[in-house]
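Below, chain A is the first sequence line, B the second, and so on; all start at residue 1. Source: prediction; values computed, not measured.
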Amino acid sequence: MVVTRIAPSPTGDPHVGTAYIALFNYAWARKNGGRFIVRIEDTDRTRYVPGAEERILAALRWLGLTYDEGPDVGGPHGPYRQSERLPLYKGHAEELLKRGWAYRAFETPEELEQIRKEKGGYDGRARNIPPEEAEERARRGEPHVIRLKVPRPGTTEVKDELRGVVVYDNQEIPDVVLLKSDGYPTYHLANVVDDHLMGVTDVIRAEEWLVSTPIHVLLYRAFGWEAPRFYHMPLLRNPDKTKISKRKSHTSLDWYKAEGFLPEALRNYLGLMGFSMPDGREIFTLEEFIQAFTWERVSLGGPVFDLEKLRWMNGKYLREVLSLEEVAERVKPFLREAGLSWESEAYLRRAVELMRPRFDTLKEFPEKARYLFTEDYPVSEKAKRALEEGLPLLRELYPRLEAQEEWSEAALEALLRGFAAEKGVKLGQVAQPLRAALTGSLETPGLFEILALLGKGRALSRLARVLS
RNA sequence: GGCCCCAUCGACUAGCGGUUAGGUCACCGCCCUUUCAAGGCGGCGGCGGGGGUUCGAAUCCCCCUGGGGUCACCA
């Protein structure tokens with residue numbers, strides 16, 4: 001049985017890195033017929049952001065990364081919110097105290113700051129407090145933390161499944177705080193206790209955790225538990241190669257959703273970060289990803305998150321992966337958001353069909369096809385110029401269009417081509433001004449298609465408007 | 001700075017001792033064409049450096065360089 005987990009902290013917007021790591025945890029669990037757990041690591045009361053948890057869970061579901069156990073779906077190892085498991089951590093910290101693997105430390109934050117400045121880090125001075133004295137001070141309610149008593153001298157072996165074994169000199173491993181003075185556990189304690197209690201077998205997390213893994217290995221040893229397998233995924237990067245951050249990249253999953261990126265495309269793109277299909281295919285479903293997934297195909301160089309390629313892929317999904325009906329459906333919230341409405345499902349579907357090769361995100365659809373949904377659309381400078389140049393031709397054309405009975409694409413094309421030939425001009429010389437008159441733009445789907453979709457009435461009234 | 005990880009086109013990557021070093025995005029050109037796209041075709045562009053090992057290294061080893069991470073009562 002393989003059990004994996006994603007352990008997000010509700011400290012802000014749902015993070016793209018969380019989705020990235022969740023994707024691999026999800027795939028590995030599914031691949032092995034195992035379970036995938038979501039656990040909320042809300043042990044920092046100062047950084048807690050209300051609503052963040054809900055948004056993170058919603059984002060995971062949006063991406064199709066459903067979980068078997070979690071704070072909102074329950075499970076046999078709950079609760080799945082660390083703030084609701086406080087007694088567990090306290091008990092385990094005390095167990096460590098009993099076993100001689102931890103000690104109480106009474107320094108204030110200010111003192112620690114001072115010690116850090118002088119010694120470069122905590123020097124373990126509280127190790128010297130006799131246990132009886134420490135217990136007595138704790139009983140009297142003196143504020144303190146519980147720290148890990150790293151055995152020194154000694155070494156600790158850490159095995160990362162993707163990189164092999166690294167031996168750490170325990171001298172390099174700090175006596176980290178396990179239980180804070182407010183009674184909350186730190187990540188180190190909580191993650192080990194919970195992973196063990198929840199039966200997590202494979203810890204798949206970001207590389208930033210690699211160097212703190214010896215602490216965790218020591219904790220498993222201290223408790224006498226079997227350690228899970230560790231896999232550290234490369235960090236997503238900003239264009240300048242530093243760890244992806246809010247300041248330099250878009251990290252909020254809500255942003256991607258609001259911008260009109262498809263969950264399928266984002267998920268697919270994330271699957272390309274550090275992983276590649278054996279046949280080089282870049283467009284693949286979640287199922288195909290799970291099917292093909294193997295650690296041997298994971299590369300360790302930190303991948304730069306390329307928004308341009310994501311955009312390309314999103315467009316690819318829009319025009320080649322999703323059905324026309326599906327795209328029409330997904331575009332609706334963005335149309336509404338833009339204050340636009342559509343006269344019928346058929347009209348919308350046709351509009352989407354014509355625009356399909358011309359927009360890469362859902363949000364771009366109402367922006368680029370506004371003239372198909374309202375009379376209140378902008379007119380570009382280029383369009384104004386084309387219009388001016390073609391005004392005489394358009395004046396002559398108007399009555400012909402007015403007289404046109406069959407308003408089909410083929411019939412309109414015949415009319416326009418005939419008109420151009422008759423005037424001895426290229427089709428474009430007529431088409432461009434007319435396009436400008438009907439759409440306010442020089443970048444639109446085919447003119448005949450536009451004409452037909454708008455319908456005779458609207459087409460003529462727009463033309464009349466610019467002619468007057 | 002100490003420790004740890006990593007290293008193929010600008011970006012994502014294939015490669016796992018013998019390849020004209022392949023694909024994708026971006027960029028450039030051509031084709032298609034009523035515009036813009038999309039699409040098709042073509043092009044530009046890479047094994048960081050130095051030592052080894054080997055008949056033979058992008059592939060294995062070492063050093064250097066470079067990049068990243070981490071050194072909190074944050075995760």
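Here the separation of G45(B) from C28(B), taken at their C1' atoms, is 12 Å to the nearest Å. Between G50(B) and A58(B), the distance separating the two P atoms is 12 Å to the nearest Å. Between C12(B) and C32(B), the two P atoms lie 36 Å apart (nearest whole Å). Taking atom C1' in both C25(B) and C9(B), the straight-line distance is 12 Å, to the nearest Å. Annotation: C64(B) and C5(B) have their P atoms spaced 14 Å apart (nearest Å). Of the C1' atoms belonging to U24(B) and U8(B), the separation is 15 Å, rounded to the nearest Å.
The CG-C1' distance, from L416(A) to U35(B), rounds to 13 Å in whole Å. With rounding to whole Å, K180(A) atom NZ is found 15 Å from A72(B) atom P. One interatomic measurement links the two molecules: OH of Y187(A) to C1' of C74(B), which rounds to 12 Å at whole-angstrom precision. If you take CZ of R45(A) and P of A75(B), they are 12 Å apart, rounded to a whole angstrom. Across the protein-nucleic acid pair, I215(A) atom CD1 and A72(B) atom P stand 10 Å apart, rounded to whole Å. Put simply, OH on Y317(A) is 19 Å from P on A38(B), counting in whole angstrom units. If you measure from atom CD of E118(A) to atom P of C71(B), you get 21 Å, rounded to the nearest angstrom. Taking atom CD1 of I244(A) as the reference point, atom P of G67(B) lies 20 Å away to the nearest angstrom.
Between the R395(A) side chain and the L467(A) main chain, a donor and an acceptor come within less than 3.5 Å of each other.
On a pure distance criterion of 3.5 Å, no polar donor-acceptor pair joins the side chain of T186(A) and the base of C73(B).
Among E135(A), H144(A), R137(A), the one residue that satisfies the side-chain contact (heavy atoms from CB on, under 4.5 Å) test with I129(A) is R137(A).
A cation-pi arrangement is present between R147(A) and Y122(A), with the terminal nitrogen or guanidinium carbon under 6.0 Å from the aromatic centre and inside a 45° cone about the axis.
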Give the B/S/- string for nucleotides 5-13 of chain B, one per nucleotide from 5' to 3', where a protein heavy atom under 4.0 Å of the base yields B, of only the sugar-phosphate yields S, and otherwise -. BS----SBS
Taking protein heavy atoms under 4.0 Å as touching, what does nucleotides 57-63 of chain B look like 5' to 3' if B marks base contact, S marks sugar-phosphate-only contact and - marks none? -------
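Ring geometry for Y187(A) against W209(A) counts as parallel: the plane angle stays under 30°, on a 0 to 90° scale with 60° as the upper cut. Under the 30°/60° scheme for interplanar angles, the aromatic rings of F24(A) and F289(A) are found to stand perpendicular.
With both pairing distances under 3.5 Å, C27(B) is matched to G43(B) as a Watson-Crick or G-U wobble pair. For U35(B), there is no paired nucleotide, since no Watson-Crick or G-U wobble pair has both relevant distances below 3.5 Å.
For K423(A), the NZ atom counts as densely surrounded, since its 6.0 Å shell holds more than 12 non-hydrogen atoms of other residues, nucleotides or ligands. A 6.0 Å sphere centred on CD of Q291(A) holds no more than 12 heavy atoms belonging to other residues, nucleotides or ligands.
Judged by distance alone, the side chains of D42(A) and S83(A) do bring a donor and an acceptor atom under 3.5 Å apart.
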